[in-house]
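Okay, structure first, notes after.
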2 protein chains.
Amino acid sequence: MNAAANKLEEQTLTDRQKAVLDTALQLLVEGGEKALTTSAIARAAGCSKESLYKWFGDRDGLLAAIVTRQASKVRTPAHSDEVVSKEQFVQELNHFAQDLLEVISGEVSLALNRLAIGQASKGDDALGRQLLEQGRGRIGEQMTQLMAQGAKLGFVKVPDAHAAYQILYGLVLKDIHVRLLLGATLKQEEADFKSAAGDAVSQFMQLFENCTK
Amino acid sequence: MNAAANKLEEQTLTDRQKAVLDTALQLLVEGGEKALTTSAIARAAGCSKESLYKWFGDRDGLLAAIVTRQASKVRTPAHSDEVVSKEQFVQELNHFAQDLLEVISGEVSLALNRLAIGQASKGDDALGRQLLEQGRGRIGEQMTQLMAQGAKLGFVKVPDAHAAYQILYGLVLKDIHVRLLLGATLKQEEADFKSAAGDAVSQFMQLFENCTK
DNA sequence: TTTGCTCAGTACCGTACGGTACGGTTCTCT
DNA sequence: AGAGAACCGTACCGTACGGTACTGAGCAAA
């Protein structure tokens, strides 16, 4: 278990181990947590259960490794270019909103969130914390930063950059995330992410656009 | 199983059976789905497993019965009074927003949503549908109605009452619901539901207030 | 009292899972 | 070549759960 814990912290994973985690994630996406048995993972990944326990300690360690593995694969969209015009700022917001909708409604994101929520129902919020920090946390930070930049340049007038980000988040997602987690399918107009993102951003700008020139 | 199915549809439940369902719900809230074994329910409710299966068919039937039972207990706040003034309309919105925050963050709501999400991860969205229709559906209908009334009287200018309701929903909850489902605890300012509801409603009014008199 | 019904309590069965142990194979290092 | 580690495949163990069967108590009707 010591070796396994170190593996998780230092994130020094063999290519083989990464491949196993990817296979496990695929299994999770396809069949939910119920399908994610250690035997099934070993079978699908072509490794032995003994190796799984050697590498990841126990089943919970494996689940945590899956989450961190996926989080490490998330690339920040690298739109860190300087924002120079209000049009560009709005365009960045649109880009962000559309990205958010696409990520949140993706099968992988839904499966991981369902997994973490299942763990939370057992009183263990470790996975949920990890998901919030490494998943939404990063994009949130980046967004908060963009928001602060927009405020500094006078495009928007917001008292608190992070609060503004949260409001945009709400305008974009509404109750879509939870509905998807519950297994619902989006209505036609909701599935048009580009249009939905545009609506949300224009509402956001209407709220916070700097009218004092 | 026939008798059980009829029971669920016609909702003709003995007081004894209702008590059993309430006990089961309490068990679910306390320990999550893992703790909701048939043996544990029978023990806690002081009935036999055989009776459980006789009444509810199987475990899934029992879970569904718990959800419908809880939904039947939800009372509509009965604010069906006519809205006569804009101030009253805004006050109704505030009341709604605060109620929403309180319900959504309640232990019972969280436990039921987690349960349904767990089922959805197994490919069964029956509980989720039930939760959406009977839980959020009702309050949504009522809210949409209030919104339409406000529009008719010229307090707000919204193209679609239901869409407006969704926007208010997003402004009120932001990402709070999912974070709670993941096991997070609210920040201090988020836990002040009255204040948070006021902010959301004022933002909503800023978006849709009828400026054409 | 006798008959029959309901239900609590318990014992039981089959299955499936998490976790471990072991034999055999491949690869690496010396 | 030979030793040792890593690892696959499989068998195995203990446990816990869903679901069923049985027993006996309480009770109502005849």
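Below, chains carry the letters A, B, ... as their sequence lines are ordered, and counting in each starts from 1. None of the values given here were measured: they were computed from a predicted structure.
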Residue-phosphate contact under 4.0 Å: A:Trp55 side-chain N/O, D:dC7 OP1/OP2: yes

N/O (side chain, A:Thr38) to phosphate O (OP1/OP2, C:dG18) under 4.0 Å: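 So the side-chain polar atoms of A:Thr38 do come within 4.0 Å of the phosphate oxygens OP1 or OP2 of C:dG18, strictly under.
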
Mind calculating the distance between [atom1] ([X]) and [atom2] ([N]) to the nearest angstrom?
{"X": "B:Glu33", "N": "D:dA16", "atom1": "CD", "atom2": "P", "answer": "18 Å"}
{"X": "B:Lys122", "N": "C:dC17", "atom1": "NZ", "atom2": "P", "answer": "12 Å"}
{"X": "B:Gln17", "N": "C:dC7", "atom1": "CD", "atom2": "P", "answer": "8 Å"}
{"X": "A:Lys54", "N": "D:dA5", "atom1": "NZ", "atom2": "P", "answer": "10 Å"}
{"X": "A:Ile41", "N": "D:dG9", "atom1": "CD1", "atom2": "P", "answer": "15 Å"}
{"X": "A:Leu52", "N": "D:dC8", "atom1": "CG", "atom2": "P", "answer": "8 Å"}
{"X": "A:Lys49", "N": "C:dC17", "atom1": "NZ", "atom2": "P", "answer": "9 Å"}
{"X": "B:Arg16", "N": "C:dT6", "atom1": "CZ", "atom2": "P", "answer": "15 Å"}

Pairwise 5' ranking along DNA chain C for A:Ser48 and A:Leu36, keeping only the more 5' one: A:Leu36

Ionic contact status for A:Glu141 with A:Arg136, cut-off 4.0 Å: no

Salt-bridge criterion met for A:Arg59 and A:Glu33 (N-O under 4.0 Å): yes

First encountered from the 5' end of DNA chain D, between B:Arg59 and B:Glu50: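 That would be B:Arg59.
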
Test item: A:Asp58 side-chain N/O and A:Gly61 main-chain N/O as donor-acceptor pair under 3.5 Å: yes

Nearest listed nucleotide, side chain of A:Ser51, among D:dT20, C:dG18, D:dC7: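 Closest nucleotide among those given: D:dC7.
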
Qualifying residue, where the test is side chain to side chain contact (heavy atoms under 4.5 Å, CB included) with B:Leu127 and the options are B:Val67, B:Asp60, B:Leu132, B:Ile66: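 Going through B:Val67, B:Asp60, B:Leu132, B:Ile66 one by one, the side chain to side chain contact (heavy atoms under 4.5 Å, CB included) with B:Leu127 is satisfied by B:Val67 alone.
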
